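Structure first, then comments.
Just so it is clear, the model here is predicted, and its values are computed rather than measured.
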Amino acid sequence: INDLILVQSHILEKNTLKDIKMYAADVNYDTVITTQEEFDTFMSEVSTSGKDATITKNVSLKTNVSLTFPETVSSYATFGGVFNGNNHTITLSSATNEVERSAMFHYMTGTFKNTIFEGSVTGASRLSTVCIYNLGGLIENVTSYVNFNSTGLYSGTICAMTNDGSNSSERAIVKNCVNYGDFTVTNKENHYCGGIVGYTYQNSSIIDLKRSYKLVIFFLFERHPQLM
């Protein structure tokens with residue numbers, strides 16, 4: 001199964017985004033997912049890969065599937081292939097209310113596109129749908145209806161962070177993405193939460209977005225005698 005994708009490099013100059021290179025690449029999808037079981041097998045490979053591993057498979061999703069985030073992170077592997085959701089839906093949930101560093105992929109250097117997310121995720125820090133760190137990858141045409149509830153830091157509806165301060169030689173791109181879900185923060189110490197991307201380091205492009213999310217801030221304060 002082949003597909004034709006366009007990959008762009010960008011440069012940001014005086015708040016104007018300019019294309020500096022474009023090229024086409026023929027993608028051979030060596031992994032076609034048609035059942036929930038096949039998706040579970042793929043995600044099991046991701047979760048059991050070592051910290052320095054890079055998943056280079058090109059994946060074509062052909063059905064709606066679901067994914068439950070575990071309480072503890074099982075892998076810091078990098079996804080370096082192409083994931084084409086073909087406009088199918090991935091429904092997310094969390095195993096407990098204390099999940100952390102939860103997304104489909106921890107690190108991403110490849111391409112993730114044409115996917116819809118639904119569901120509800122409650123946890124602490126670094127929550128998202130596609131990835132925690134976009135390290136020079138391309139996320140395109142992704143829609144999220146997921147409702148997030150975070151008590152921690154660095155969480156976003158499409159990816160938590162673009163680049164990580166140390167790996168920023170490649171430009172991270174988030175393009176044509178939209179979020180319709182709610183993002184609720186329940187701690188006054190929450191930082192960099194909500195929006196398409198929770199936090200962006202240098203060398204990132206976030207472009208052509210549809211802003212349609214609601215950020216709900218709910219803090220619990222002690223009652224003050226002078227205000228009673």
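Atoms CD1 and CE, from Ile55 and Met108 in turn, are 13.5 Å apart once rounded to the nearest 0.5 Å. Taken to the nearest 0.5 Å, the OG1 atom of Thr115 stands 9.5 Å off from the NE2 atom of His88. Asp40 CG to Thr35 OG1: the interatomic distance, rounded to the nearest 0.5 Å, is 8.0 Å. Note: Ile132 CD1 to Leu127 CG = 7.0 Å, rounded to the nearest 0.5 Å. Atoms SG and CE, on Cys159 and Met104 in that order, are 14.0 Å from each other to the nearest 0.5 Å. Rounded to the nearest 0.5 angstrom, Thr63 OG1 and Ile90 CD1 are separated by 10.5 Å.
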**Message:** Pair Ser102, Leu92 - check side-chain contact (heavy atoms from CB on, under 4.5 Å), show working.
**Reply:** CA-CA 10 Å; Ser102 296; Leu92 301 179; over 6 Å; no
**Message:** I'd like to know whether Ile158 forms a side-chain contact (heavy atoms from CB on, under 4.5 Å) with Phe117, so could you lay out the CA-CA distance, the side-chain angles of the two residues, the decisive distance to 0.1 Å, and finally the verdict.
**Reply:** CA-CA 9 Å; Ile158 301 299; Phe117 287 96; 5.8 Å; no
**Prompt:** Passes side chain to side chain donor-acceptor pair (under 3.5 Å), Ser60 versus Asn86? Steps please.
**Reply:** CA-CA 7 Å; Ser60 180; Asn86 296 297; 2.9 Å; yes
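Scored by the salt bridge (Lys or Arg N to Asp or Glu O under 4.0 Å) test, Glu45 finds Lys57 as partners (sequence neighbours excluded). The side-chain hydrogen bond (donor to acceptor under 3.5 Å, both in side chains) check on Glu38 picks up Thr34, with sequence neighbours excluded. Applying the side-chain hydrogen bond (donor to acceptor under 3.5 Å, both in side chains) criterion to Thr96, with sequence neighbours excluded, gives no partner residue. Evaluation of the side chain to side chain contact (heavy atoms under 4.5 Å, CB included) rule for Asn141 yields Asn114, Asn176 as partners, not counting sequence neighbours. Legend: residues meeting ring pair (Phe, Tyr, Trp, His ring centres under 6.0 Å) with Tyr199, ordered by chain and number and at least two apart, are Tyr154, Tyr192, Tyr201. Under the side-chain hydrogen bond (donor to acceptor under 3.5 Å, both in side chains) criterion, Asn87 pairs with no residue, sequence neighbours left out. In this structure, Thr41 has no side chain to side chain contact (heavy atoms under 4.5 Å, CB included) partners at least two apart in sequence or on a different chain. Residues satisfying the side chain to side chain contact (heavy atoms under 4.5 Å, CB included) test with Asn97, not counting sequence neighbours, are Thr122. Residues that satisfy the side chain to side chain contact (heavy atoms under 4.5 Å, CB included) test with Ser66, not counting sequence neighbours, are Gln36, Thr91.
The main-chain N or O of Ile196 is never found under 3.5 Å from a side-chain atom of Asn179 such that the two would form a donor-acceptor pair. For Asn147 (side chain) and Ser120 (main-chain N/O), no donor-acceptor pair under 3.5 Å exists by modelled atom type. In this structure a side-chain-to-backbone donor-acceptor pair under 3.5 Å is present from Ser155 to Arg126. A distance-only check finds a donor-acceptor pair linking the side chain of Thr129 to the backbone of Thr157 [under 3.5 Å]. A side-chain donor-acceptor contact under 3.5 Å links Asp30 to the backbone of Asn58. Side chain of Thr31 to backbone of Val59: no donor-acceptor contact under 3.5 angstrom is found.
For residues 32-72, no pair satisfies ring-ring contact (aromatic ring centres under 6.0 Å, His included), with sequence neighbours left out.
Residue Phe79 is tested with Phe105, Tyr107, Phe112 for a ring pair (Phe, Tyr, Trp, His ring centres under 6.0 Å); the sole match is Phe105.
For Val146 against Ser144, the heavy-atom pair with the smallest separation is N-OG, 3.2 Å. The two residues Ser128 and Gly156 come nearest to each other via the heavy atoms OG-O, 2.8 Å. Here the shortest heavy-atom pairing between Lys113 and Val142 reads CA-CG2, 4.4 Å. Nearest approach of Ala124 to Ser150, heavy atoms of both residues: O-OG, 2.9 Å. Residues Asn134 and Ile173 come closest through the heavy atom pair ND2-O, 3.4 Å. Heavy atoms only, all atoms of each residue included: Ala95 and Pro70 are closest at CB-CA, 4.1 Å.
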